[in-house]
Every structure is written in C-alpha cells, then in structure tokens.
Amino acid sequence: MAEQTSDPSNHSVSLSRSREKAGGEADTVTLLEAGLIVDGSGGPGWMGDVLLVGDRILALGEGLRHRLPDGIAPEALHVVDCRAKVVSPGFIDVHTHDDAIVLRDPLCLPKVSQGITTVVTGNCGISLAPYRTPEALPPLTLLGADSFRHATMADYRAAVEAAQPALNVAALVGHTTLRFATMDALDRAATDDERARMAALLDACMAEGAHGLSSGLFYEQAFAAPADEVTALARVVARHGGVYATHLRSEMESIIEAMHEAGDTAFTAGAPLVISHHKCAGPANWGRTKQTLPLVDTLAERQEIALDVYPYVAGSTVLREDLIDGVIDVLITWSDPHPGTTGRMLADIAREWGVDQREACRRLQPGGACYFQMQEEDVERVIAHPRTMIGSDGLPHDRHPHPRLWGAFPRVFARYWRDRQLFTLEQAVHKMTGMTARNMRIADRGLLRAGAMADVVVFDPRTVADTATYDRPKSASVGIERVYVNGVCAYLGGEQEPAVRARAGRMLHRGG
Ligand code: ZN
Ligand code: CU
C-alpha cells in the first residue's frame, strides 16, 4: 500500500505537517512559473506552472498565479521564474549502492546535485538489511565493512528515518546479503533449511515495505547458487507485489545464457524482471547488444522486463583478477595495501613494479577499479532502448570513485540527448522518472500530477551537463537549478560552493 493518498482533502493536513518539519520556512508554498513542463510520462512537454503545497503537487496549469486554489493566500506564494527551464519530476536513481551512505552522509550531495530525489538501494545482491556483523566480507564491503548493523528492514527503516537523508530511499533486499545472514559457507548451494530461513527473512523485509529482491550471481559469494535457489526467493517477492533485479551471472561470453536464466527465474516466480547495468563486457563481446536487446524484446512478449544502464564505457567494482585481460584500461579507485596508487592506471603500476597486470592486481587487493570494458556503440544502443531506465551504479565509498557517482544523470542529457540525439527530451526524462517509478513500484512519484508527491527538479536544458571525469570524479553537475524533495527545496544550483540546504527525504514503502 502507498503511504500517501491523493485525496485532495488531505492537502491542508500535509501543509501544516511540512511547515512544522521545515521550521516555518516559506518554501512550503511554491509556484514554479512558466517552465517547460516535462511530466515524466514521456508525453510532449508544455508551457505552464506547477504549484507545490506542503509535500504535494497541488495543481498544474497555465496562469495559476491568477487562479489560486482556495486557502492559498497570494502573499504566501514563493514564486520561481522558470522561463527557458524544464520542470520535471525529481529523478529516481534506480541502481545505487547508497544503503549506508544515506545514513553516514545524509546530505547526499553527489546525488541531489544531479536532480536525484529518490535512490533505489540494495542492488547487485548487496543490501545493508537484513544482516548484522561487525566486519563484513567482500562483496558486502562495497557498502563499507563496518556498516552492517540492521538485522531487519524495520531497523534499517528506523535508521534512515533517524538520519533524515536529503532524498527518498526505496530498498531492495540482496540475495547475497541473505546468504551471508543464513549460511556458514557461500561456495555451495543453500540447503533446504537455509532456503527456508532466507525466505522468512525476505518475507519479513517485504512486509516492511521493501520493493523487491536483487541478486548478484556474478559475484563468487552468490555464483554457487543454482537458479532454483533464487526462483524460490523471487516467489516470495512476487507474492508481495515486488520486483526482481539482477546483476546477471555473466555479462561476457555467457550473457545470453545468463539472460535466459534471469528471464526464467522471474517468469517462473511471477515477478517483474529488471536486468541491472546492462552491458556486453570485454572486447570479445563488443557489438553483442545486437543480440541481447532483441532477446529482451522477445522476453517482453511473455513477461514484464526492464533494464537499467549508466552512461559510460567503463564499469567499476572491486579489483578482480578475472576482469584483467591486459588489453582494456584499468583505473585504480582504491587499494588498501597501496593507497598511493589511487587514481592511477594499472598498466603503469605494473610496469613500475616490473610485473604483469594480474600480479599487480593481486598486490593491490583488496581494492577497486574502473574497467574500460564496453564499446560506445553498445552503450548507445542500450540507453536508447525503450525499456531502459537510468541508474548511476555509483560507488560512494570509493576514494576515487567512477564519475558516474556524480555525473550519470546530467550526462544522459548532455551527451545522449543534446549531442547524439538518441531520444527526445521527454523520453530522457521518462527514463529517469515515470518509467522507473512504474517498474520499481514507487507510488505517487515519477510523474508531475495533481496530488503526487512534490519531488521536482528545475533544470536548464541548454546547459545541463556532468563535470565529473575519471581524473576529477568528485565534481557537481551544472544546469541543475533547483531540486525539491517532498516539497522542500533541497538544492540550489549555480552557487559558488554546491551544497544541500535541506534534508526532507523519506524511507518509501512499496506501492502499486
Ligand atoms: Zn552490479
Ligand atoms: Cu551495482
């Protein structure tokens, strides 16, 4: 069930609640005037106004200033001139590893400064809840080794609410996390008893409002899980109306088999499928999106299926020898034993040490890297596909993170809409908002509609762009002018020092 209702009689209630929260700040009645309204549905934009009252969108239309709804005094209005700007729903980052960072650094500047108002956490099989351990092992370390303190989704929800992040959080439950929580060895399939305990934990998380299950069968801690172990869990999710998102068992040679496995798992369970960060990795597989995307279309004839993508040719994860082929470029993003190598190329480090790249990789572990493993044409084909949503897959704990953490969303506008014209502005926004809300069962967000939650971004379509690069990855985007989260202005672009000015995010509850 949605936590909110679109009954207009509730508006005065939400107004007073928001005012309390924002400490009487005048921004709680905001008129975004004369912008190009791109409502997130994919339909054509139109010139008009959006009125935000409390935490909701009260009305959309032309000349709203002259026909304010009852109970809104003209002097209470905070009018924002949006001429030559786009007004759209706040962006939903469908693929994140932000589970712990929303607690540790609730300002979430890398995300809010891109116009992101909701993050979907728990991807790639790795979620913070439900698991407690003083020192987590890889690949859970992606979220910080000391972050795992939440034995239940209810406990994680309480922690998010206490931290009050600047953006909303929608949580997936990771299969790998469930394995850690129930198994003593992960190089094998789960026993019947372990499966039952995983299912019970997942069931409780879903009852607490989680949006679905994720898996990361590519990672060795889940690779030994046979498809039917995952199918049994996807059934639990389907019963609650949630989704199944997967980092496929292979994104290289065996990608077609891995996609069939994912398709069958979701289809058998009766859950909608999301294929995470779709790519054909490794030079031997370049060009194969010509096979994978038609397969998505074929699967779509029998089941609900979607994809997500980040707009870059480099992937990023922990340092893994099997991803190093001596051909592709590899950039070190962190290394515990050799922190001085952060931000340098593996080939240079190997040459300096007089060893081959795999040996250098072994010496740098544990660590992380960006792998330049994709071809631009494949990336473009995936982004342009009508079932593809945008997700950053940013890694907020990395010392020298992949630039997608700060730049993914504006880069889609700058590079793939404005420069390459792969799609219309409306389609670009749809891939970040309405499509995502629908696929991930996020209620009352992702569309500009009267009664919807007031997550809104105002941006300049001529200038919006990423500035984060592989050399300088921690750099705020330009052209994102205003970001509203639950009706509160969280971010103003164009300031000397980009900063988040309010934290009004919420832990979301799965909706219809
Ligand atoms: Zn992944
Ligand atoms: Cu991921």
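Both counts, for ligands and for their atoms, begin at 1 and track the order of listing.
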H247 N/O/S atom closer than 2.8 Å to the Zn ion (ligand 1): yes
Quick one: does R411's side chain have a donor or acceptor within less than 3.5 Å of a partner on P311's backbone? yes
Please check if the side chain of S316 supplies one atom and the backbone of A369 the other of a donor-acceptor pair under 3.5 Å. yes
H277 backbone or side-chain N/O/S under 2.8 Å from the Cu ion (ligand 2): no
Think R320 forms a cation-pi with F218, using NZ or CZ under 6.0 Å from the six-ring centre and within 45 degrees of its axis? yes
For the Cu ion (ligand 2), angle spanned by H95 NE2 and C124 SG (nearest 10°) is 90°
Ring of F413, cation from R418 - is the NZ or CZ under 6.0 Å from the centre and inside 45° of the axis? no
Shortest-distance N/O/S atom, D393 versus the Cu ion (ligand 2): OD1
